[in-house]
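Convention: sequence-line order gives letters A, B, ...; per-chain numbering from 1. Values reported hereafter were calculated over all heavy atoms of this structure, with side chains retained and with hydrogens, waters and symmetry mates removed.
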There are 2 protein chains.
Amino acid sequence: MAVIVVKIGAQTLQSIDSTLQVVDQIKQLHDTHQVVVITAGVHTDFPTQTLQREQALWYAASAQQTSATLAMSLQNAGMPALALTARQAGVYTDASYLAARITDIRPTEVNNALQKGCIVVIGGNQGMTKQEVTYLGEGGAEATAVAMAQQINAQQVMILSTHDGIHTADQSVITEATHLTEISYDELLEFAHLGAHMIHPRAIELAKQFEMPIVMKSLLSQKATIVKGEKEMEKDMIVRGVAFEADIIRLTVGYEQQEQVSLSALFNKLAQHHINVDIIVQARLNEIQPTVSFSIAKEQFAETIKVLEDHKAQLGFAFADFEIGLAKVSIIGSAMASNPGVAARMFDCLAKASIEVKMVSTSEIKVSVVVPQEEMIHAAKTLHGEFELTTEV
Amino acid sequence: MAVIVVKIGAQTLQSIDSTLQVVDQIKQLHDTHQVVVITAGVHTDFPTQTLQREQALWYAASAQQTSATLAMSLQNAGMPALALTARQAGVYTDASYLAARITDIRPTEVNNALQKGCIVVIGGNQGMTKQEVTYLGEGGAEATAVAMAQQINAQQVMILSTHDGIHTADQSVITEATHLTEISYDELLEFAHLGAHMIHPRAIELAKQFEMPIVMKSLLSQKATIVKGEKEMEKDMIVRGVAFEADIIRLTVGYEQQEQVSLSALFNKLAQHHINVDIIVQARLNEIQPTVSFSIAKEQFAETIKVLEDHKAQLGFAFADFEIGLAKVSIIGSAMASNPGVAARMFDCLAKASIEVKMVSTSEIKVSVVVPQEEMIHAAKTLHGEFELTTEV
């Protein structure tokens, strides 16, 4: 019998109705599969003076309660369910209490329970070292699902939620956006980083490494997106989707002489202060005035300005300038690397629509542009049309 | 430095105010003691079809959260606190998931943490077997406190709550009731069984066995009652307190011939149906009609009648009768055994107050009478005065 690992978010288990939908879906899967279910715990805020260790204990207990509660719901529906702690399920991690990384999975008890026909339910954000209880932090339950799937030879991981998978763009904004039935790990990584928060990048990275297929399935419909290796993907779809992100700020730092420019000094200093820099553009306005521009998120603006002011002398720049009210729009597609004309087609399309491009960034599977925020939706819709994404794949 | 084990109920940690009071008390204790704190988890109801195992997991997680939260509150107040799970604290139990009994305490990690100056916080209702997580059920946290105290050579167990210990009677009814500064294990067992639910009998039994002193201390005042061995108690106080319990029903079963009376058949049958029988009186109304009377709690009346009816032929009795609207009043004192006149003085006192005694039961440290419920308070007050309990000891 095929083995499947199903991941369910804590949100989905907050209401009785959606819990019953989950129970029903698992019941159907259990008819044809050996099933392992990974749940996540709930979040809360703690006083600032407390140690990470005790917070991890609290969160791990929350994950344990969610798994116990789901197991009881399954039992109540007549299914043989068994909740296992991280220790029992053999989920070993490093000692980073609140952001532990999985180091090993020893699924002896999981396999024994599956052999007996049990549905195994594991609190997916819980981990352990030899002595301590750890918490896997953001994306931990999804990472546990993928790692466990690999160790117990599961055919796939299913992410069960109220979302029906990935679309060519955010449906709430681009009404023409269509559902994707397949996507590659790399493409999904770009979507995830760009704000389509349905699955954490750490789980996608792990799935890519193990070549473990992930099915993102809706509780409410039969729609799903399967995430798998590029080699199996259709190659004729150059652009797979359009993503966009508002509230971008462009900062420009200017120097008097080229010799004063030190990218490493500048970006190390910003990194020390936990400022996430996205697009970086180095340019010379003229022969004697080199500049470096970079984009940041709006909420880090004040902190960034403070860091620059505090270290102006040390960083050796002459002036700093900024432009607010910007947005980022990206096209994503794994076949883009072999189609050098895609970026040009994008710029041409935006130019025809009279949308000013402030910054550009390209990767093998993504081209991003920074545009005025008021043009963001216009740009996204225009690109969505240009690359013929409105037809269901 | 002396070692102390402090037990705190989940109720006490539900509000921020009382949590801060707890933190303050522990801070004071930590100045002069090595401190281990035992907390309890919260309770909830589960669907009936669920297995005990998963309920135990849920409850154990709740105990873990309470201990982690208190440890964080202590850290926040600048104290070095460390929360330990049952596994880390070495609390081994049998495999009875929801009512596990402590089989061993291996406090290596507890002792190590104490040596480093840490306040150790343990979720006291959590236990473990080699593979499984267990829950210690009612009184589990108090039992853990006593067992842990014994294993780490603590001087005493402190039960910290909003109660200031034991009184000669329920203060809400008998306003003349006075506070007891000392009580023996056996006396407290009688009080606990009779409804003064401040500490679970299983913990008192354990403390008696280990001769571990228990201090019942108020968070709100300096008042406390110390529970310890009888040999250190004052011997001149014959009666230590008055307890009472409403809603008692007396059942009388009558037989045609003495040969038909089988106490073991009758009470085994009731025990099979989980009916708790308290006082038993065997009498002959006349030469040819022997009877057995026993008292039960009101809530078990319907079930008791059903059991008697269903097994009338088998049990061989001729008729069953009952009297409702009764109450039990008891006087308690460990020196009673050596003072045979105490029971006589009690009956005399009740007769002078025109209170009818329906049933009598005596033990070495207790005399109980069943009286009409409307006379319960009158009887309790009269006895409280008769045995001079209004003076603070």
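How far CZ of A:Arg87 is from OG1 of B:Thr85: 7.0 Å, rounded to the nearest 0.5 Å. Annotation: the span from B:Leu57 atom CG to A:Leu82 atom CG amounts to 8.5 Å, rounded to 0.5 Å.
Within 6.0 Å of atom CD in B:Gln14, more than 12 heavy atoms from other residues, nucleotides or ligands are found, so the atom counts as buried in its surroundings. Within a 6.0 Å radius of CD in A:Gln272, other residues, nucleotides and ligands contribute more than 12 heavy atoms. Heavy-atom neighbours of B:Gln28 CD from other residues, nucleotides or ligands within 6.0 Å: above the threshold of 12.
Using a 4.5 Å heavy-atom cut-off against chain B, no residue of residues 89-98 of chain A qualifies as contacting. For residues 58-69 of chain A, a heavy-atom distance under 4.5 Å to chain B picks out A:Trp58, A:Ala60, A:Ala61, A:Ser62, A:Gln64, A:Gln65, A:Ala68, A:Thr69, given by residue number. Taking non-hydrogen atoms and a 4.5 Å limit, the residue list of residues 120-157 of chain A in contact with chain B, ordered by number, reads A:Gln131, A:Glu132, A:Val133.
Taking the side chain to side chain donor-acceptor pair (under 3.5 Å) definition, one finds that B:Ser18 meets it with B:Ser15, sequence neighbours left out.
Across all their heavy atoms, B:Glu54 and A:Ala83 have their closest contact at OE2-N, 2.7 Å. Of all heavy-atom pairs spanning B:Leu51 and A:Gln75, the tightest one is N-OE1, 2.7 Å.
With a 4.5 Å cut-off on non-hydrogen atoms, B:Ala56 does not touch chain A at all.
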